[in-house]
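Have a look at the structure below, then the notes.
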Number of protein chains: 2
Amino acid sequence: MNNNRKRMETMHKMRAKGLELFYQKGYHATSVDEILKELSLSKGAFYHHFKSKEDFFISIIQNIIMQKVYAQLVEPLTQGKSPVSAIVDSIENALNMAEHNDMDCGFVLANFLNEFNKGENNIVKYLRDIVKIWEINLISLLKKGRSDGYISWSVNCEEAATYIIASYMGIRTLMVGNSAKIMKYQYVQQLKSYLYAMEQREQAVI
Amino acid sequence: MNNNRKRMETMHKMRAKGLELFYQKGYHATSVDEILKELSLSKGAFYHHFKSKEDFFISIIQNIIMQKVYAQLVEPLTQGKSPVSAIVDSIENALNMAEHNDMDCGFVLANFLNEFNKGENNIVKYLRDIVKIWEINLISLLKKGRSDGYISWSVNCEEAATYIIASYMGIRTLMVGNSAKIMKYQYVQQLKSYLYAMEQREQAVI
DNA sequence: ACTTAAACCGACCGCTTGGTCGGTTTACTT
DNA sequence: AAGTAAACCGACCAAGCGGTCGGTTTAAGT
């Protein structure tokens with residue numbers, strides 16, 4: 001087997017299992033040994049590929065978390081009849097995935113953001129970048145929807161994007177352990193009435 | 001000095017400093033020694049009053065966090081001209097406190113909920129109880145507002161309460177480190193337009 | 001076949017952690 | 001003043017942590 005390919009495969013296995021355990025137990029509560037034990041790999045292998053636990057986690061953020069969030073919450077925004085339905089569909093779908101996942105521990109971004117939102121560190125920077133990408137895509141979708149006549153001109157798109165992201169982060173935290181199905185339904189209903197209120201109606205100043 | 005009073009004072013000092021450090025650095029990332037060092041107290045004193053670190057934290061939740069959340073988010077609901085303005089005012093005020101606190105690390109309940117939302121443990125139960133208290137107070141306020149004609153009968157109060165709580169938890173996470181002032185403003189504007197849409201309008205079935 | 005470099009191993013190190021325990025001080029009771 | 005029970009001390013422990021390092025295996029290049 002090609003050596004570089006082997007390197008990539010090993011690193012990917014470590015990252016995948018690392019994210020799984022970090023997500024389930026938290027970064028600080030998960031030891032490097034624990035990850036390696038499940039993979040039957042040694043510490044030597046780990047520190048041959050990554051220079052530290054933190055470096056390892058940053059590579060997980062950029063290589064896996066980034067892609068997952070993008071695939072689940074950003075890309076789906078390009079589909080859908082209208083901007084509002086694209087947003088509702090993407091979020092509703094993400095919540096369905098969470099609801100039917102017995103091991104759901106919340107929104108991966110919010111979890112780590114919370115864990116690292118203490119006294120400046122590098123990691124939080126990378127996490128915020130991902131949130132920012134979601135945010136700017138939401139904003140531009142809303143703005144386009146406004147230009148195309150789907151959304152009232154009275155809507156402030158930046159404000160709306162912030163509100164949508166905040167509410168999604170919160171509901172994912174609330175859903176964990178609680179009766180996820182009910183909470184999801186309650187949330188989606190209110191999200192819809194919030195977003196539907198943006199459509200048309202006040203055909204304001206051009 | 002009365003011995004029992006001394007006991008209470010010492011326990012309170014430990015709880016106060018414990019919450020301060022747990023909030024700033026996280027529960028797992030804060031050691032018992034660290035708390036005791038800042039108080040110039042010994043481990044012996046700590047384990048004389050509390051049977052474990054977890055027991056200590058639970059007593060913090062029930063004695064301090066409970067009161068703080070109640071004072072900041074539940075009690076203010078009884079004041080204000082209308083239900084909607086009571087909700088907006090309480091949340092806006094809480095966000096102002098966070099904005100002007102340089103050491104703000106997010107919503108204390110959401111932080112710990114996130115940290116302990118992993119594989120069943122006792123602590124998460126106590127945290128959820130506090131959220132529940134906030135929730136039922138929000139619901140009954142909204143229902144009363146509906147009866148009193150402030151809020152449209154088409155509004156589902158349980159759904160609205162869930163949505164409000166979720167969005168607040170999320171915005172507090174987003175505000176940390178980011179330009180809190182702008183985010184707060186964006187959020188409050190959208191919260192208002194969400195809540196104002198509930199008032200009157202559809203004067204539905206009695 | 002020989003070289004070379006990367007992948008990998010696992011014992012080891014220094015440090016911190018939550019928790020224990022025998023002993024000392026403090027303060028209330030009688 | 002003596003007795004007693006509490007509050008408190010701090011050395012200690014086993015376990016676990018992130019990280020190191022000298023050595024071994026594997027595989028690609030020549």
Side-chain angles (χ1 to χ4, degrees), chain A residues 1-61 63 112 115-116 118-119 121-123, chain B residues 1-61 63 112 115-116 118-119 121-123:
Chain A
M1 190 194 315
N2 184 302
N3 237 0
N4 193 50
R5 181 174 163 175
K6 187 166 181 61
R7 172 183 176 84
M8 288 309 170
E9 274 186 17
T10 301
M11 289 175 81
H12 180 262
K13 271 194 292 187
M14 288 176 175
R15 281 193 279 249
K17 180 61 71 178
L19 175 56
E20 181 188 328
L21 295 183
F22 287 153
Y23 172 65
Q24 282 173 13
K25 311 182 39 177
Y27 173 83
H28 290 104
T30 304
S31 68
V32 174
D33 278 315
E34 213 171 335
I35 297 164
L36 296 167
K37 197 174 176 183
E38 291 215 22
L39 295 171
S40 298
L41 285 170
S42 69
K43 263 201 166 138
F46 182 87
Y47 283 96
H48 175 70
H49 293 302
F50 304 98
K51 73 178 227 281
S52 68
K53 188 188 181 187
E54 177 170 326
D55 175 72
F56 172 59
F57 186 56
I58 289 172
S59 92
I60 287 178
I61 295 173
N63 285 281
F112 292 132
E115 186 165 357
F116 292 99
K118 333 266 178 183
N121 59 67
N122 302 327
I123 290 174
Chain B
M1 190 193 314
N2 185 302
N3 239 2
N4 192 52
R5 180 173 165 175
K6 187 167 179 63
R7 172 184 175 84
M8 288 309 170
E9 274 186 19
T10 302
M11 288 174 82
H12 180 262
K13 272 194 291 185
M14 287 176 175
R15 280 194 279 250
K17 179 61 74 178
L19 176 56
E20 180 187 327
L21 295 183
F22 287 153
Y23 172 66
Q24 282 172 14
K25 311 181 40 177
Y27 173 82
H28 290 103
T30 303
S31 68
V32 174
D33 280 315
E34 212 171 336
I35 298 165
L36 296 167
K37 197 174 175 184
E38 292 215 21
L39 296 171
S40 298
L41 286 170
S42 69
K43 263 207 166 126
F46 181 86
Y47 283 96
H48 175 70
H49 292 301
F50 304 98
K51 73 178 227 281
S52 68
K53 187 187 180 187
E54 178 171 324
D55 176 72
F56 172 60
F57 187 55
I58 290 172
S59 92
I60 288 178
I61 295 173
N63 286 281
F112 292 132
E115 186 165 358
F116 292 99
K118 333 267 179 182
N121 58 69
N122 302 328
I123 291 174

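Bear in mind that the values here come from a model prediction, so they are computed numbers and not experimental data.
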Nearest whole Å is fine: how far is [N] [atom2] from [X] [atom1]?
X      : N       : atom1 : atom2 : value
I35(B) : dT16(C) : CD1   : P     : 17 Å
L36(A) : dA11(C) : CG    : P     : 14 Å
D33(A) : dC17(D) : CG    : P     : 6 Å
M11(B) : dA6(D)  : CE    : C1'   : 13 Å

Subject >> ring pair (Phe, Tyr, Trp, His ring centres under 6.0 Å) involving Y23(A) - partner list, sequence neighbours excluded >> reply: none
**OP:** Apply ring pair (Phe, Tyr, Trp, His ring centres under 6.0 Å) to H28(A) and list each qualifying residue two or more places apart in sequence or on a separate chain.
**Re:** F116(A)
**OP:** Among the candidates dA7(C), dC17(D), dC8(D), find the nucleotide nearest to the side-chain atoms of E34(A).
**Re:** dC17(D)
Subject >> Candidate nucleotides dC8(C), dC8(D), dG18(D), ranked by approach to the side chain of K6(A) - the nearest >> reply: dC8(C)
Original post:
Using a cut-off of less than 4.0 Å, is there contact between a side-chain N or O of S31(A) and OP1 or OP2 of dC17(D)?
Top reply: yes
Original post:
Between dC8(C) and T10(A), is there an OP1 or OP2 to side-chain N/O distance shorter than 4.0 Å?
Top reply: yes
Original post:
Of all residues at least two apart in sequence or in a different chain, which pass the side-chain contact (heavy atoms from CB on, under 4.5 Å) check with S52(B)?
Top reply: E54(B), D55(B)
Original post:
In residues 13-24 of chain B, which residues come under 4.0 Å of DNA chain C by heavy atom?
Top reply: none
Subject >> Neighbours of DNA chain C within residues 47-59 of chain B, by heavy-atom distance under 4.0 Å >> reply: Y47(B), S52(B), K53(B)
Using nucleotides 9-12 of chain D, report all nitrogen or oxygen pairs with the protein that are shorter than 3.5 Å.
| from | atom 1 | to | atom 2 | distance (Å) |
| --- | --- | --- | --- | --- |
| dC9(D) | OP2 | S42(B) | N | 2.9 |
| dC9(D) | OP2 | S42(B) | OG | 3.1 |
| dG10(D) | O6 | G44(B) | N | 2.9 |

Subject >> F56(A) and H49(A), any side-chain heavy atoms less than 4.5 Å apart >> reply: no
Original post:
For the rings on F112(B) and Y27(B), is their centre-to-centre separation under 6.0 Å?
Top reply: no
